[in-house]
Amino acid sequence: MQDQVESLRNEALAIVSAATDQSALEAARVRFLGKNGAVTALSEGMRHVPKEDRPAMGKLLNDLRSTVTTALEEAQSRILEQADTAALSELDLTLPGTARARGSLHPLTQLLDRAVQSFRRMGFAIADGPDIETEWHCFDALNTPADHPARNDQDTFYLPDGRLLRSHTSSVQIRVMENTPPPVRIIAPGSAYRRDEVDATHLAQFTQMEGLYVAEHVTLGDLKGTLEFFFRELFGSGTEIQFRPHFFPFTEPSYEIDIRAEALGGEWMELAGCGMVDPAVFEAVCKRRGDRVYDPGRVSGFAFGFGLERLAMMVSRIPDIRMLVENDLRFLKQF
Amino acid sequence: MKISLGWLREYVDCRLPLAELEALLRRAGLEVAGVEERGLAIANVVVAEILESVQHPNADRLSVCKVDDGSAHPRQIVCGAKNYKVGDKVPLALPGAVLPGDFKIKSGKLRGVESEGMMCSAKELRLAEDAQGLLILPPAAKPGTPLTELFPAETILELEITPNRSDWLSHVGVAREIAVFTGNTVTPPRPALPASTTRVPGLLADGADKSTCYTLRKISGVKVGPSPQWLVDRLASVGLRSINNVVDVTNFVLFELGQPLHAFDAAKLSGSLRVRSSVEGETFEALDGKSHPLPAGSLVIADESGPVALAGVMGGESTSVTESTTEIVLESAFFDPSRVRRAARATGLFSDSSYRFERGVDPEGVFMASARATELILQLAGGTASEDLQTAGEIPARQQITLSPDRVRSLLGLEISDSEIEAALARVGLGCVGSSAWEIPGYRRELHRPVDLIEEVARVAGLENVPSRTQGIFAPGSEADAAYDFAMGLRRTLAGGGFHEARTATLLSGVEAGPFGDSVALRNPLGDDQSRLRNSLFPGLFAALRRNIDQGSKSIALFEIGRVFASEGESERLALVATGDLQAADWRGEPVRSRDIFDLLGVVQNLANAETRPLPNPPAPFGVAVEILVDGKSIGTAGQLHPAAARELGATAPVLAAVFDLVVWRPLATRQTKVSPLAKFPGSTRDIAFTAPLSLPYGDVRAAIISLQEPLLESIHLFDLFTDARGEKIPSDKKSLALTLGFRSPDRTLTAEEVQAATDRIKATLRGQPGLEFRE
């Protein structure tokens, strides 16, 4: 019987180690350890073993069973490991990914949102006004003379009832002060319209960002600090900023801001207009409100505005402004 | 506005490197839009006469010339050009000359023959963009003459003048500004003023006297003829061509002092001149040779025959100075800017004069300019000037402004002493008249409030010296902030879901707006295609759709958030359009499906957490549509375009579209989530399958189940829908539906019996629907 055990052990180990898949292994388990398996059959033979030999034979049989069991377990993990390895090694990771196509935000939206977030960090809230404006909000209240060229039919779109499409978002300054007592600290992104023939650098409708801060003791230093901070946030700390004296009817002193930044192609570009709110603007607001909370002797403020299209064109090197409104997917998908 | 640097130097020392001068002007607020270099500024280039020319012994293409460079000995030059002949005068760069491009001229051997310099083309000297061969000079040019004498170097600055600074519209004005920032002295011309002035009250008619100051001076015995070269050159430098010596002088003084002048031919005037308002029906024949009808009330200069000049705008053809003129009347005046502007607009006549008068000229300069022009006319055209100047009207008195130095400091945020403020204002030419009171000279009449003086202080002090401050109040969020955040959230969600954000024009045509109801029209559109304000986002998005279809895009999904306009006001909308493949084909080879209306309904329902209800009468542009409901309120419409409309766009798959009213939607969308408790006990499911008439909407089936109000029923999920048009598996007028019903109790595990009982009750109800049969 000892020989039988020995030969069964050899046979079992040979078959188990030869098994290369799960089903061969299962067949081997059934053949040796199953209910009708060879090891079980051999155990049946214990009845014929002399009593004194039984403990030794019992131990042999137990050893046999545990040896085969261990071999099966080892083979099991060997086969699993091989299968796992094969499962991973078959993956061709150079195949393209198959995600659902994503969409995109318009480049102007992306730029506008960066600007909005930056001003929000500085404590500016968003304000809003209508695109269809009264001449008073767009020009009169902004200290624009009655015969100013900007009021021309050639330059500004009018409605039959005398209202107009705002030629700048500065009208929102007036809307805000009309409805809110100081202090106000707002930005107003929105559309503005000029009667320009559309070409590679002009649209009749464009996007502006307006800003206004009015409180007691607001100084030119505040204007400078705010816009320097903003443009460096947007275009990097190395951004050079120059304020060049200029003229706008609604600010005094007035400046144009020239900027040079790597992000904008490294050339000086004229980017924004700004200045200290003209006392005439405060007077117009006071008159309309019927109070003196915007008395230019008590409050002061700064205002600024800039267009986003040209900025987006510089930032993303867009060669033609019309690409921003053509909505060609070959363009939009790049953002 | 063109400013010649050479001309400018007559009045102020500005020998700065050009870049520094530009920086200085920018600091002053004068933007240099362009710089034009004319003439030649290269030393050691002289006129040479070619004395002989022979073939180079070692090179076919070269010649060896002997030239006269003005020195005692002829010079030998090797030359490659062919366009000259012996006797021609050409530019010769002598050894030591440095040509543009840092090209240094040296003596040396060319193919074994000594060459002592280089004869030049116009291009090599940058006198022309492109020129072949040597520059052949006029025969009169004298050998040895430096070429800089033939082509004097000139730098022309193109300045952008802001509308408030009319004083910068002249060379003396710009010189004055340079003096402010350099500290150098300005030396304007100081002509002798006439010995006397006579007031002629009749010169100004009633209604013409307001804000007008008018002067006339007679000059007799003039000889009209060509102008001297210096005057021709000066005018050319600012882009004017020479006409005759008298007219040229008036133009010269205009660009020198900024004062427009006009010379009448006295012989052509009938009777005395008068400044008056034009009357109804009057016309005026201007120097442009055309007859212009004048709106009543235009300011004109008239003789007894009618208008001879449109005040401040243009002189008349009939009284202009010509070769035969011998006696002139020289006008120098100040007119009301807005009257000049109106007249220029009404007639479409714009001139260098009207440009200046519209912006305001220096009324104090009227006499000076008259004297300056008289002096130059006498000098260039001879004759005798009347010792008397006829005048009418008043030169406005100088204004005085009181400025508090504290106000300067507080508005600028700059520590600047009283004396520094005073120094700054004195520098820009204001006169101090007592404590903090300042008198404004005539050329700065736009300064009329304290804040205008503060701006001057800021300009002189320089903004770079104002310390930047970064502080401010706290600002509460606004409704507009909430609307912005809501819209940005939608944008991001949609972009994540495969939609691309579009931006379409607000202005569109009446045809495009037509299907969407009334729209607001413009009074002065650029064209019919941009004559209305959009009343829907769809026309713009459909145009974008068509563009992308035409371009070959297989899958298009666009959205836009923007304003629409109606006579009642403006509102914010979100619109989506989509057509074509849901997904790009990939290497798995699974079939690619086109988007259908249910894909859109899914997007819409998820985006707004909304329900949708079919609309029996779909509005434009839909063929079929649902109403989008949140809390029972309609926030928009979604649907599919009529196939004919889709075909018109060039689409081969269904075109899907949706629109949301953000103003209605936002308040419904921003409620705070309240969490439902998580289920503690397992649920059970049962599948049911049945056939029903094709005409029975799934919504009716679902409604019938819900109407039972089974307390344990938690969910209804349609997992299969099958139709068979050929009637092989089920009749062609039937559809087969399969639902999974989910059951759950919050407080116990359900038994099979109670789930079955509930399922049976549901089936019994459904059997009540006509034509519905269970497949058992």
Side-chain angles (χ1 to χ4, degrees), chain A residues 95-96 98 100-106 108-109 113 116 122-128 130-132 147 153 157-160 183 185 191 195 197 204-205 213 215 217 219-222 224-226 228-229 243-247 252-253 255 276 278-279 300 324-330 332-333, chain B residues 26 28-29 162-164 338 341 410-413 451-452 455 458-459 463 466-470 472-478 480-481 484 488 491 494-507 520 522-524 526 530 544 547-548 551 553 556-558 563 565 570 583-584 586-587:
Chain A
L95 284 171
T98 56
R100 286 195 68 151
R102 67 167 182 92
S104 61
L105 296 184
H106 194 277
L108 277 184
T109 302
D113 194 51
V116 165
M122 290 183 267
F124 284 80
I126 297 179
D128 203 3
D131 288 19
I132 300 178
D147 51 4
D153 263 20
F157 290 111
Y158 284 89
L159 271 56
R185 192 167 165 89
S191 290
R195 236 172 137 273
E197 289 287 352
Q205 176 192 2
Y213 176 33
H217 312 304
T219 72
L220 192 58
D222 290 313
K224 202 180 154 197
T226 303
E228 284 172 347
F229 181 87
F243 291 77
R244 174 162 45 80
H246 198 67
F247 172 75
E252 184 91 349
Y255 297 91
M276 301 304 290
D278 194 291
S300 54
L324 290 168
V325 291
E326 283 168 348
N327 302 304
D328 192 314
L329 283 169
R330 292 169 299 175
L332 295 177
K333 282 178 175 173
Chain B
R26 287 166 64 84
T162 51
N164 58 326
S338 58
R341 185 174 307 140
S410 73
L411 193 73
L412 298 186
V451 69
D452 301 327
E455 175 166 44
R459 229 160 46 89
L463 197 62
V466 173
S468 303
R469 192 158 72 157
T470 50
I473 57 154
F474 294 178
S478 63
D481 273 299
Y484 179 86
M488 273 313 290
R491 285 188 173 99
L494 285 164
F499 283 80
H500 295 274
E501 186 182 16
R503 275 180 175 247
T504 71
T506 299
L507 299 176
V520 179
L522 294 178
R523 194 188 75 207
N524 58 337
L526 275 168
Q530 302 170 52
R547 180 190 178 88
N548 284 297
Q551 179 272 313
S553 190
I556 303 165
L558 296 169
R563 279 191 186 175
F565 303 82
E570 305 177 12
Q583 222 173 322
D586 66 44
W587 45 266

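Chain A is the first sequence line, chain B the second, and so forth, proteins listed ahead of strands; every chain is numbered from 1.
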- What are the two closest non-hydrogen atoms of B:Trp587 and A:Pro96, and how far apart are they? NE1-O, 2.9 Å
- Note on the structure: For A:Gln205 and B:Thr504 the tightest heavy-atom approach is OE1-O, 4.4 Å
- Does any non-hydrogen side-chain atom of A:Asn327 lie less than 4.5 Å from one of B:His500? no
- Query: Can you check whether A:Phe157 reaches B:Leu507 side chain to side chain, under 4.5 Å on heavy atoms?
  - Reply: yes
- Message: Please classify the contact between B:Ser553 and chain A as side chain, backbone, both or neither, with a heavy-atom cut-off of under 4.5 Å.
- Response: side chain
- Any side-chain heavy atom of B:Thr470 within less than 4.5 Å of one from A:Thr226? no
- OG/A:Ser104 to CG/B:Leu494 distance, rounded to the nearest 0.5 angstrom? 11.0 Å
- Among the listed options A:Leu108, A:Asp131, A:Leu159, A:Leu95, the residue most often paired with chain B at heavy-atom distances under 4.5 Å: A:Asp131
- Top contributor to chain B contacts, counting heavy-atom pairs under 4.5 Å, from A:Val325, A:Leu332, A:Asp153: A:Asp153
- Message: Return the CZ to CG distance between A:Phe243 and B:Leu463, rounded to the nearest 0.5 Å.
- Response: 6.0 Å
- Item | B:Ile556 portion near chain A, given a 4.5 angstrom heavy-atom threshold | both
- The interface call for B:Val520 against chain A, heavy-atom contacts under 4.5 Å, is side chain
- Note on the structure: When every non-hydrogen atom of B:Arg459 is compared with those of A:Pro245, the smallest separation belongs to CG-CG, 3.7 Å
- Main-chain N/O of A:Ile126 paired to B:Ser478 side chain as donor or acceptor, under 3.5 Å: yes
- chain B interface, residue from A:Ala204, A:Ser300, A:Ala215, A:Gly103 that has the most non-hydrogen pairs under 4.5 Å: A:Gly103
- Query: Tell me, side chain or backbone of B:Arg503 under 4.5 Å from chain A's heavy atoms, or both, or neither?
  - Reply: both
- In terms of heavy-atom pairs under 4.5 Å with chain B, the winner among A:Met276, A:Arg185, A:Glu252, A:Arg330 is A:Glu252
- Message: Can a donor-acceptor pair be found, under 3.5 Å and without considering hydrogens, that links the side chain of B:Asn548 to the backbone of A:Leu329?
- Response: yes
- Item | Nearest heavy-atom neighbours spanning A:Thr219 and B:Ser410 | CG2-O, 3.1 Å
- Message: Out of A:Lys333, A:Glu228, A:Glu326, return the one with the most heavy atom pairs under 4.5 angstrom to chain B.
- Response: A:Glu326
- Item | Contact origin within B:Ala584 toward chain A - heavy atom pairs under 4.5 Å | neither
- Item | chain A contact via B:Arg26 - which portion, at a heavy-atom distance below 4.5 Å | both
- Message: Quick check for you: to the nearest 0.5 Å, what is the distance between A:Asp278 atom CG and B:Asp452 atom CG?
- Response: 7.5 Å
- Note on the structure: If one checks every heavy atom of B:Arg491 against chain A at 4.5 Å, the contacting part turns out to be both
- Query: Which pair of non-hydrogen atoms, one from B:Glu455 and one from A:Pro253, has the smallest distance, and what is that distance?
  - Reply: OE2-CA, 3.3 Å
- Best-contacting candidate, A:Tyr213, A:Phe229, A:Phe124, against chain B by heavy atom pairs under 4.5 angstrom: A:Tyr213
- Message: Less than 4.5 Å apart, side chain to side chain, heavy atoms only: is that true for A:Thr109 and B:Met488?
- Response: yes
- Please answer whether the main-chain N or O of A:Ile132 pairs with a side-chain N or O of B:Glu570 as donor and acceptor at a distance below 3.5 Å. yes
- Nearest non-hydrogen partners of B:Ala458 and A:Tyr255, listed with the distance: CB-OH, 3.5 Å
- Query: Any sub-3.5 Å donor-acceptor pair from B:Asp586's side-chain atoms to A:Thr98's backbone N or O?
  - Reply: no
- Query: Is it true that a side-chain atom of A:Arg195 and a backbone atom of B:Asn524 form a donor plus acceptor pair closer than 3.5 Å?
  - Reply: yes
